[in-house]
Amino acid sequence: MKQTQQSPDSATPFLVMAALSAVFMGTIGVIAKYAQLGAETVTFYRLFFGAAMMLGYLLVIRKANLLWCWPSWRVLINGGFLAGFIVFYIQAMEHTSMANAIMTIYLAPVVASVFAHLFLSEKLSASAIGLILTALFGFAMMMEFRLEFGGSQDALGMSYAGLAMLCYAGFIIINRATPAHVHVYARSWYQMLIGALCMAPLMLQQQEVIAPAQWGWLLAAGLVPGFLAILFAVIALRELPSATFGTLAYLEPIAVVTFGWALFDQALSPLQMAGCGLIMCSGVAQAVLTQRRSAATSGQACSVAQN
């Protein structure tokens with residue numbers, strides 16, 4: 001993706017969009033708790049309403065023709081991973097704290113990097129391995145260096161969080177191989193649509209009666225962590241370096257931990273807070289290193305071309 005250099009003033013709107021996208025993504029846990037509906041129902045409507053709003057946006061800006069393409073099997077598979085990620089994440093937060101769930105999920109980039117190292121010939125540098133070990137140590141701190149949990153419900157919640165993390169890692173890995181000709185708008189729309197279709201049978205099985213007030217929360221799920229979060233992310237990614245966007249993305253776990261503390265009295269111990277900090281710092285450092293390696297590779301390619 002081509003990225004242009006921005007002056008501080010001209011980059012400000014895109015920095016704000018990236019930050020808002022991260023915070024908006026983190027609201028799904030709050031919305032799910034207040035909606036008081038099954039994870040399958042919340043996931044379906046977040047993706048279905050999000051896809052509908054994305055289609056409406058493309059019609060308004062007269063770019064709906066971007067959707068008239070075969071998105072590739074990878075994009076369709078990623079729709080399933082997206083649905084799995086959301087539904088397992090919501091299930092996790094119903095059984096364990098929001099902080100435990102989100103920090104487990106943010107180990108997904110680590111898992112994706114290890115998988116790429118083992119199976120995709122994307123070899124890890126010594127610094128990358130060090131950052132992975134740092135993130136894992138931070139996760140151990142989050143667990144307070146204990147394998148047991150605060151009860152069967154907490155263990156179940158962490159199991160769901162692990163499944164969400166694996167879906168997110170799969171989402172990251174497959175996105176790396178998505179054909180470049182599929183526009184990001186089309187990619188986002190198809191993934192949300194396929195994710196909604198995957199969840200539809202499970203949602204219909206629940207046969208939940210949705211009250212008028214609950215419809216408001218479902219619309220909010222489609223609008224805020226669905227359409228707006230994805231739209232702002234797409235726009236910001238066009239204009240900001242990957243490292244900058246990756247750094248601001250770590251506002252999501254900060255927002256989730258803050259929501260859990262402020263709204264649901266889910267406090268963290270000092271050791272757990274330090275673990276959160278290690279996971280986020282390792283992720284930010286990994287984003288910066290990735291950006292530098294990409295810049296160095298581009299510079300070498302330009303030198304070779306000139307010679």
Side-chain angles (χ1 to χ4, degrees), residues 1-4 6 10-32 35 41-72 74-83 85-87 89 168 171-172 174-175 178-200 203 214-240 242 244-246 248-249 251-252 255:
M1 183 181 297
K2 186 178 179 180
Q3 293 166 331
T4 57
Q6 298 283 340
S10 63
T12 299
F14 305 109
L15 292 170
V16 172
M17 285 186 180
L20 287 175
S21 173
V23 175
F24 287 170
M25 285 287 189
T27 62
I28 184 60
V30 176
I31 291 172
T41 301
V42 175
T43 302
F44 171 79
Y45 282 107
R46 175 191 176 179
L47 295 172
F48 179 77
F49 285 149
M53 292 173 188
M54 177 66 78
L55 176 59
Y57 173 74
L58 292 176
L59 289 171
V60 169
I61 64 173
R62 298 181 180 180
K63 289 190 176 181
N65 61 301
L66 293 173
L67 304 180
W68 295 108
C69 68
W70 170 245
S72 84
R74 296 183 183 92
V75 172
L76 301 184
I77 292 170
N78 253 6
F81 275 128
L82 179 61
F85 160 59
I86 297 171
V87 73
Y89 177 29
Y168 188 22
F171 184 83
I172 293 171
I174 292 180
N175 254 327
T178 299
H181 72 271
V182 183
H183 194 278
V184 286
Y185 286 151
R187 188 180 309 179
S188 300
W189 184 77
Y190 275 109
Q191 287 174 353
M192 286 191 288
L193 179 64
I194 296 301
L197 292 176
C198 289
M199 293 308 304
M203 185 269 296
Q214 291 173 315
W215 279 113
W217 287 112
L218 293 176
L219 283 169
L223 176 64
V224 181
F227 170 66
L228 288 178
I230 291 174
L231 179 63
F232 285 178
V234 166
I235 295 174
L237 276 168
R238 282 182 166 183
E239 303 295 335
L240 297 176
S242 299
T244 303
F245 185 86
L248 290 171
L251 285 173
E252 180 182 353

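Here the structure is a predicted model, which means the values were calculated and not measured.
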**OP:** State which residues pass side-chain contact (heavy atoms from CB on, under 4.5 Å) with A18; sequence neighbours excluded, sorted by chain then number.
**Re:**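 Partners of A18 under the side-chain contact (heavy atoms from CB on, under 4.5 Å) test: A236, L240, F245, L248.
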
Original post:
Among all residues two or more places apart in sequence or in another chain, which pass the side-chain contact (heavy atoms from CB on, under 4.5 Å) test with A19?
Top reply: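 Here the qualifying residues are L251.
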
Original post:
For F48, which residues count as a ring pair (Phe, Tyr, Trp, His ring centres under 6.0 Å) partner, sequence neighbours excluded?
Top reply: F44

**OP:** Output all residues satisfying ring pair (Phe, Tyr, Trp, His ring centres under 6.0 Å) with Y45, sequence neighbours left out; order by chain, then residue number.
**Re:**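 Y45: ring pair (Phe, Tyr, Trp, His ring centres under 6.0 Å) contacts with F49, W215.
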
Original post:
About how many Å separate CE of M192 and CE of M53, when rounded to the nearest 0.5 Å?
Top reply: 10.0 Å

**OP:** Hey, could you give me the CZ/OG distance between F14 and S21, rounded to the nearest 0.5 Å?
**Re:**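 The distance works out to 14.0 Å.
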
**OP:** Compare every heavy atom of A35 with every heavy atom of Q214, then report the nearest pair and how far apart it is.
**Re:**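 Taking Q214 first and A35 second, the nearest heavy atoms are NE2-O, 3.0 Å.
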
Ignoring hydrogens and angles, write down the donor-acceptor pairs under 3.5 Å from the side chains of residues 216-234, residues two or more places apart or on other chains.
none

**OP:** Please tell me if the side chains of I194 and L82 come closer than 4.5 Å, counting only heavy atoms from C-beta onward.
**Re:**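 Side-chain contact under 4.5 Å: no.
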
Original post:
Does a side-chain heavy-atom distance below 4.5 Å link T43 with L47?
Top reply: yes

Subject >> Pair listing, side chain to side chain donor-acceptor pair (under 3.5 Å) test, anchored in residues 183-197, at least two apart >> reply: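 Only H183-R238 qualify under side chain to side chain donor-acceptor pair (under 3.5 Å).
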
Original post:
In this structure, which one of L67, L66, L59 forms a side chain to side chain contact (heavy atoms under 4.5 Å, CB included) with K63?
Top reply: L66

